[in-house]
2 protein chains.
Amino acid sequence: MPLDLRPSEALGLWHAATLEHVRVIGPDLTIRQLAILLHIYLAPPPHTVRGLAAMLGVTKPVITRALDTMGHMGLVRRVRDDRDRRNVIIKRTVDGALFVEKLGDIIIAEGRKLALAEGSGA
Amino acid sequence: MPLDLRPSEALGLWHAATLEHVRVIGPDLTIRQLAILLHIYLAPPPHTVRGLAAMLGVTKPVITRALDTMGHMGLVRRVRDDRDRRNVIIKRTVDGALFVEKLGDIIIAEGRKLALAEGSGA
DNA sequence: TCAGTATAATACGGTACCGAAACGAACCAG
DNA sequence: CTGGTTCGTTTCGGTACCGTATTATACTGA
């Protein structure tokens, strides 16, 4: 049960991985956008604008803007729903999958470093 | 060694906690600001503008702006260094400590939920 | 005292976000 | 075919961020 974290572990991991995130990925993604991206790639499809908005407790324009930005980065893709052409289905992309994978690598790497440090220090 | 995470655990935790972060805390903190805040509260002082800038690989104005914003929120406090009055020492505040603690609570709570879900499902 | 260096803050033009409101397109019921 | 509803998008004024360049202040050494 590796996810039963102690406070120092939880915050230490957040600290290390967030720092590395900024260093490697840069500022070109807000926390909201990151949450949206992770949800698209980790929760089962289909994903719609209103669904994402409800999930995060934000308004729809927030989702539209985030999809604009991330679509321009190639991280997601929009497709009209043919069964109800009012809907937009948000699709994953190869670049987006690579991005998420890279983020996972950062978290795992920083977690390993902390495990070593805590194992010897505390 | 609870920090030796598997990819699904690492990303699942990030997903859940980031989502909850957005829901509870809102958009009023960028990833850079979050990294700066966590570093101030988790790394040993003293913290200076140039030190934080070097740590994150960003320019000093980035730090100055972040301190303006977070200072206005009451999360950090600036104090001139009397021994070298060119320096600014960044101090912690009660509100900032509470904020970081709340973030830790979110991560731990989401980690527990995932541990339960994975324990039964995978 | 007078350069030279170092620190943090500020100015600038550009971009992107924010919430709230209005909008057009697509469905649906009568 | 007409009025109401549900989509996602766009617009609006305002705010904050971005990187780069510049500024003011403070220390240092000749």
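As the structure is a prediction and not an experimental result, all values here were calculated from the model. So you know, we letter chains A, B, ... as the sequences are listed, proteins then strands, and number each from 1.
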Of the candidates D/dG19, C/dA8, D/dT9, the side chain of A/T64 sits closest to D/dT9
D/dA26, OP1 or OP2 - any side-chain N/O from B/R80 closer than 4.0 Å?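 Checking B/R80 against D/dA26: no side-chain N or O falls below 4.0 Å of OP1 or OP2.
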Looking at C/dA16, I'd like to know if its phosphate oxygens (OP1 or OP2) sit under 4.0 Å from a side-chain N or O belonging to A/R65. no
Side-chain atoms of A/V62 come closest, of C/dT10, C/dC27, C/dC18, to C/dC18
Gap between atoms CD1 and P, on A/I63 and C/dC18 respectively (whole Å):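 Distance, rounded to whole Å: 9 Å.
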Distance check: side-chain N/O of B/R86 vs OP1/OP2 of C/dA8, anything under 4.0 Å?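 So the side-chain polar atoms of B/R86 never come under 4.0 Å of the phosphate oxygens OP1 or OP2 of C/dA8.
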Taking the side chain as everything from C-beta on, heavy atoms only, tell me whether A/L37 gets closer than 4.5 Å to A/L75. yes
Where each residue is assigned the nucleotide of DNA chain D containing its nearest heavy atom, which of A/G51 and A/P27 is assigned the position nearer the 5′ end? A/G51
Just compare C/dA8, C/dG19, D/dC7 and give me whichever is closest to any side-chain atom of B/T48.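 It is C/dA8.
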Please determine if a side-chain N or O atom of B/Q33 lies less than 4.0 Å away from the OP1 or OP2 oxygen of D/dC17. yes
So which atom in B/R80 and which in B/R85 form the shortest heavy-atom distance, rounded to 0.1 Å? NH1-O, 2.9 Å
Report yes if a side-chain nitrogen or oxygen of B/R78 is closer than 4.0 Å to either non-bridging phosphate oxygen (OP1 or OP2) of C/dA9; otherwise report no.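 It does, given that an N or O in the side chain of B/R78 lies less than 4.0 Å from OP1 or OP2 of C/dA9.
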Hey, does the side chain of B/R85 come within less than 4.0 Å of D/dA24's phosphate (OP1/OP2), counting only N and O? no
Rounded to whole Å, CD1 of A/I31 lies from P of C/dC18 at a distance of 11 Å
Residue-phosphate contact under 4.0 Å: A/T69 side-chain N/O, C/dC17 OP1/OP2: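 For C/dC17, OP1 or OP2 has a side-chain N or O of A/T69 closer than 4.0 Å.
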Tell me whether the rings of A/W14 and B/W14 are parallel (<30°), tilted (30 to 60°) or perpendicular (>60°).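 Answer is parallel, since the angle falls under 30°.
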Evaluation steps, salt bridge (Lys or Arg N to Asp or Glu O under 4.0 Å), between A/R77 and A/D95: CA-CA 11 Å; A/R77 189 163 49 92; A/D95 282 357; over 6 Å; no
Distance check needed: C/dC17 P versus A/D28 CG, whole Å only.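 Rounded to whole Å, this separation is 10 Å.
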Once you round it to whole Å, what is the distance between C1' of C/dA26 and CZ of A/R83?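 To the nearest whole Å, that distance equals 16 Å.
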Got a donor-acceptor contact below 3.5 angstrom from the A/E110 side chain to the A/I107 backbone?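 The answer is no, because no donor-acceptor pair under 3.5 Å joins these two groups.
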5' priority, DNA chain C, between A/P61 and A/D82 [closest heavy atom]: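 It is A/P61 whose nearest nucleotide is closer to the 5' end.
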Let me spell it out: for each of A/V58 and A/D81, pick the nucleotide of DNA chain C with the closest heavy atom. Which residue's pick is nearer the 5' end? A/V58
